[in-house]
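Structure record follows, encoded as structure tokens.
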Number of protein chains: 2
Amino acid sequence: MSVVRKGAPHRAPRLSDETFAADAAREEVRDRILIGDCIEQLASLPAQSVDMVFADPPYNLQLQGELRRPDDSRVDAVDDAWDQFESFAAYDAFTRGWLEGVKRVMKPNATIWVIGSYHNIFRVGALMQDLGFWILNDVVWRKANPMPNFRGRRFTNAHETMIWAARDPGVKGYQFNYEMLKGGNEDVQVRSDWLFPICTGAERLKDEDGRKLHPTQKPEALLARVMLSASKPGDVVLDPFLGSGTSAAVAKRLRRHFIGIERDEGYAAAAAARIEAVEPLPEIALQAPPSAREAPRVAFSALVDSGLVTPGVELTDAKGNVRAVVRADGTIALVNNATLSVGSIHRMGALAQGAEACNGWTFWHVEQEGRRHPIDVLRARLRAEMGVRSE
Amino acid sequence: MSVVRKGAPHRAPRLSDETFAADAAREEVRDRILIGDCIEQLASLPAQSVDMVFADPPYNLQLQGELRRPDDSRVDAVDDAWDQFESFAAYDAFTRGWLEGVKRVMKPNATIWVIGSYHNIFRVGALMQDLGFWILNDVVWRKANPMPNFRGRRFTNAHETMIWAARDPGVKGYQFNYEMLKGGNEDVQVRSDWLFPICTGAERLKDEDGRKLHPTQKPEALLARVMLSASKPGDVVLDPFLGSGTSAAVAKRLRRHFIGIERDEGYAAAAAARIEAVEPLPEIALQAPPSAREAPRVAFSALVDSGLVTPGVELTDAKGNVRAVVRADGTIALVNNATLSVGSIHRMGALAQGAEACNGWTFWHVEQEGRRHPIDVLRARLRAEMGVRSE
DNA sequence: CCAGAAGATGAATCGTTTA
DNA sequence: ATAAACGATTCATCTTCTG
């Protein structure tokens, strides 16, 4: 892992890693930390070159003084210079600048995640809409162990908000691993509120004095959920505010490429060491389960051709009330109100139900060995026989 | 309850209610629905006259077409004219207008709650900051039963966001019933993420055809938590987008005054009838919060929030000799030797027995269907209802 | 009358491929 | 480009129906 210094953003050689096969032109800006101003460094990247963006920008916290716990110990709050802005206008100008820079380097189907708190997320979200990003979800990170409100004057600030957005309105082809997420969630689709502990313990980077190295280090589990949701192995994930390098470390572990931008050389060095120590997961641990959407299309006529369905066989609905006959050309014949209709399994299914549309694969059934199966079962069998796998 | 028509915003007499003692000048604009444009009606109200604001403005949804469920039924989405705006700029102008109008009528110590989704909440929040409101928290309403994502293209949109803000930076004296909230929450301070079901069933107002009267009616439990958090009995709560009247109904039940603005006469009429039917809770259920020492130790308030126990209901011991009344904040009120005491179910149980300690869950009983059950039965039922996935 | 099945529904920015 | 065809996709809760 190489750290690239200001003024030479794409000169340093990349880490060798045989598992990352890629074309030489793009390799140059992969798996690097670029040190310098975020907006300048973004300008050095080629347009439409990244698949996903994760951004954890300064929150513009406006703390009025120091905060003490009930036991009089001092809370080590974020009071770094990089988190201070003169005004909302200054913060907006900064935000607009990096968002524009990021948008340029996103591929058309790329998506962006931005995390923030109530101090900044409303401004960020409004600017994202103004710049033409298309919000897909706002996702709430519910902290399992948030810092309490010591003064008892507000609710425990127990969550942060992530905005997930496509580069442009109308984008349909963005990566979203719906089946995989659902499979890992008791077979129920994942909601917009996620529960994770904050980053503590061994995962939290410490400096030589044992103090936390970075004030806002995010938990790896959060970043892993983000990347497993909206990217795939081999993708390039850009983080314009790399900080302690959580996103890059997770990207490497999940076999994504990363590009990190960080202006603090100390943070960048710590992140580089952290990333270097990461061992990518075995590929088998990251393969996507076959999803119906990605499976190759099989025409009903292919089932007839293959002999899995014989012309003349009767199809019924699940209850056996509606009947149709398979024809040799892969269409089916339906007698409905004494009228004979011929067409695709989908069209005839819709006709039988009086519906606009119908998935014939799940509507029609065949009787085999005394039991009724949806014809989708036969399609699955044909796919298996063909040795076809998704990807 | 009177509905005031356009052009005569403060003429109609108020509902008589001896429990609301107030000065005559302010009374004129209390407990009314003002029909007409939100910004115009706000201008008719006196400056610095309301204690809390709850606003549920149009979300500016930008739906592209109709959506159907997997069973091909049609989703009855929000497509009303009042939710349509030409552009973000038009929405921003509208938002700025009503926020300015609201700010003028807020007392210096008043706070405002605004609810929205990712479609609008970022714009609203940024404008609130621009106008000088001081955000205290963003609170996430996690929906126990959200509508699923039917296409599998995004995360289930399972929450909405509320922004809670003071009128100005530096305000210290805003109402926040910290002890009461903590006492009703296992003696742990309440977090910024709240779990409530959406509004369905008998609570949902229906039109003469049995269809939902208003597309976006909010659950009363959510409004009750808001008002119990940030107002006190006798306060004036303003809702500039009254809709079906949830905020006003809850205000009346919790013995707050309300002012509602609604431009649709049909909604206003339905809200007026709804409010008229509300019976305010016994004062004993709403009195000043108990001190920290008296705070309940368990989440009895969760039973109250869930509706399994209704404020005002009587609790007794197993034999029916000792009696106490459930309060809206999850404490109970006990009359013992002509002395009124308020506190947790455990403390009041101990007091009633003259004991050091008491398990209120087994001591106190409720009568349901002619039989007395320990409230522990209700707790078990609530736990079962919350299920395994409630995190 | 009760139990279980079946239907209804909620603030939603909710396709892809081939002709 | 536009239209047609293909075919993928839902969770919790409440109400109504059926046996």
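Small disclaimer: the values here were computed from a predicted structure and weren't measured. Every chain is numbered from 1 and lettered A, B, ... according to where its sequence line falls, protein lines coming before strand lines.
DNA chain C forms stems at C:2-10 with D:11-19, C:15-19 with D:2-6, each a run of 3 or more consecutive Watson-Crick or G-U wobble pairs whose two key distances fall under 3.5 Å.
Within the 4.5 Å cutoff, the side chain of B/I275 has heavy atoms near those of the B/I33 side chain. Annotation: side chain of B/M227 is not in contact with side chain of B/F258 (no heavy-atom distance under 4.5 Å). Contact annotation: the side chain of A/L303 approaches that of A/V298 to within less than 4.5 Å [non-hydrogen atoms, C-beta and beyond].
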Extract from the structure each pairing of a protein N or O with an N or O of nucleotides 2-8 of chain C at less than 3.5 Å, listing the distance.
none

Collect all protein-nucleotide pairs involving nucleotides 17-19 of chain D in which both atoms are nitrogen or oxygen and the distance is under 3.5 Å.
none

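The aromatic rings of B/W194 and B/W113 lie tilted to each other, with the angle between the two planes from 30° to 60°. Aromatic ring orientation, A/W164 versus A/F176: tilted (interplanar angle from 30° to 60°).
We find that CZ of A/R379 is positioned 6 Å from P of D/dG7, with the value rounded to whole Å. Atom-to-atom, NE2 of B/H214 to P of C/dG10 comes out at 13 Å; the value is rounded to the nearest Å. Here C/dG10 presents its P atom at 14 Å from CD of B/E203, a figure rounded to the nearest Å. Between A/I135 atom CD1 and C/dA12 atom P there is a gap of 16 Å when expressed in whole angstrom units. Taking atom CD of residue A/E294 and atom C1' of nucleotide D/dT9, one finds them 15 Å apart after rounding to whole Å. Across the protein-nucleic acid pair, B/H159 atom NE2 and D/dC11 atom P stand 19 Å apart, rounded to whole Å. The interatomic distance linking B/I198 (CD1) with C/dA12 (C1') rounds to 13 Å, in whole Å. Between the P atom of C/dA12 and the CZ atom of B/R74 lies a distance of 12 Å, rounded to the nearest Å.
Counting only N and O atoms by type, the side chains of B/R274 and B/T246 include a donor and acceptor under 3.5 Å apart.
Comparing B/A202 and B/P70 along DNA chain D, the residue whose closest nucleotide (by nearest heavy atom) sits nearer the 5' end is B/P70.
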Under 3.5 Å donor-acceptor pairs involving side-chain atoms of residues 346-357 of chain A, not counting sequence neighbours:
| from | atom 1 | to | atom 2 | distance (Å) |
| --- | --- | --- | --- | --- |
| A/H346 | ND1 | A/G360 | N | 2.9 |
| A/Q353 | NE2 | A/G349 | O | 3.3 |

Can you list, pair by pair, the side-chain donor-acceptor contacts under 3.5 Å of residues 197-206 of chain B, counting residues two or more places apart and other chains?
| from | atom 1 | to | atom 2 | distance (Å) |
| --- | --- | --- | --- | --- |
| B/E203 | OE2 | B/E220 | N | 2.7 |
| B/R204 | NH1 | B/C199 | O | 3.3 |
| B/R204 | NH2 | B/H214 | O | 2.6 |
| B/R204 | NH2 | B/P215 | O | 3.2 |

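Not counting sequence neighbours, B/E262 has no partner by the salt bridge (Lys or Arg N to Asp or Glu O under 4.0 Å) test. In terms of the side chain to side chain contact (heavy atoms under 4.5 Å, CB included) criterion, B/E208 has no residue partners (sequence neighbours excluded). Not a single side-chain hydrogen bond (donor to acceptor under 3.5 Å, both in side chains) links A/R293 to another residue, sequence neighbours left out.
A heavy-atom distance below 4.0 Å to DNA chain D is reached by these residues of residues 346-363 of chain A, ordered by number: A/H346, A/A357, A/C358, A/N359, A/W361. Of the residues in residues 121-128 of chain B, none has a non-hydrogen atom less than 4.0 angstrom from any atom of DNA chain C.
Using atom C1' as the reference point in both C/dC1 and D/dT16, the two lie 16 Å apart (nearest Å). Remark: the separation of the P atoms in C/dC14 and C/dT18 is 23 Å, to the nearest Å. The P atoms of C/dT16 and D/dT10 are separated by 15 Å, rounded to the nearest whole Å.
A salt bridge does not link B/D71 to B/R69: none of the charged side-chain nitrogens sits closer than 4.0 Å to a carboxylate oxygen.
Looking at heavy-atom distances under 4.0 Å, B/P219 makes no contact with the nucleic acid at all. Heavy atoms of A/D138 sit nowhere under 4.0 angstrom from any nucleic acid atom. When heavy atoms are screened at a 4.0 angstrom cut-off, B/P146 is found touching base atoms of the nucleic acid. Among the protein residues, B/A77 comes within range of the nucleic acid bases, having at least one heavy atom under 4.0 Å from a base atom. Nucleic acid contact class of B/E160 (heavy atoms, under 4.0 Å, all strands): base. Among the heavy atoms of the strands lying under 4.0 Å from B/T216 is at least one base atom, whether or not backbone atoms are also near. If you check every strand for non-hydrogen atoms under 4.0 Å, B/D76 touches sugar and phosphate atoms only.
In the set C/dA11, D/dT9, D/dT13, the nucleotide with an atom closest to the side chain of B/N145 is D/dT13. Picking from D/dT13, C/dA12, C/dT9 the nucleotide with the shortest atom distance to the side chain of B/R69 gives C/dT9.
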Next on the checklist: Pair B/D76, B/K212 - check salt bridge (Lys or Arg N to Asp or Glu O under 4.0 Å), show working.
Outcome noted: CA-CA 10 Å; B/D76 183 17; B/K212 60 187 176 191; 3.7 Å; yes
Checklist entry - Which is it for A/F363 and A/D317 under the side-chain contact (heavy atoms from CB on, under 4.5 Å) test, yes or no, and what are the steps along the way? => result CA-CA 6 Å; A/F363 178 78; A/D317 66 345; 3.7 Å; yes
Next on the checklist: Run the side-chain contact (heavy atoms from CB on, under 4.5 Å) test on A/V322 and A/W364 for me, step by step, so that the C-alpha distance in whole Å, both residues' side-chain angles and the decisive distance to 0.1 Å come before the verdict.
Outcome noted: CA-CA 9 Å; A/V322 182; A/W364 294 109; 3.8 Å; yes
Next on the checklist: Walk me through whether A/L334 and A/I332 qualify under side-chain contact (heavy atoms from CB on, under 4.5 Å).
Outcome noted: CA-CA 7 Å; A/L334 169 74; A/I332 63 175; 5.7 Å; no
Checklist entry - For B/V226 and B/M52, what are the C-alpha separation, side-chain angles and deciding distance, and is it a side-chain contact (heavy atoms from CB on, under 4.5 Å)? => result CA-CA 10 Å; B/V226 166; B/M52 203 200 89; 3.7 Å; yes
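To the nearest 0.5 Å, the span separating CD1 on A/I115 from OG1 on A/T161 amounts to 8.5 Å.
Of the listed residues (A/H373, A/R372, A/E314), just one forms a side chain to side chain contact (heavy atoms under 4.5 Å, CB included) with A/E367, and that residue is A/R372.
A donor and an acceptor atom never sit less than 3.5 Å apart when one is taken from the side chain of B/K212 and the other from the base of C/dA11.
Taking only side-chain nitrogens and oxygens, B/R204 comes nearer than 4.0 Å to OP1 or OP2 of C/dA11. One finds no side-chain N or O of A/K182 lying less than 4.0 angstrom from the OP1 or OP2 phosphate oxygen of D/dT9.
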Checklist outcome for this item: Expected string for nucleotides 14-19 of chain C under the B/S/- scheme (protein heavy atoms, under 4.0 Å, primed atoms plus P, OP1, OP2 as sugar-phosphate) is BSSS--
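Because its NZ or CZ atom is both nearer than 6.0 Å to the ring centre of A/Y174 and within 45° of the ring axis, B/R153 counts as a cation-pi partner of that residue.
Counting only residues at least two apart or on different chains, the side-chain hydrogen bond (donor to acceptor under 3.5 Å, both in side chains) pairs with a member in residues 121-139 of chain A are A/D92-A/R123, A/R123-B/Q129, A/R123-B/D130, A/Q129-B/R123, A/D130-B/R123, A/D138-B/H159.
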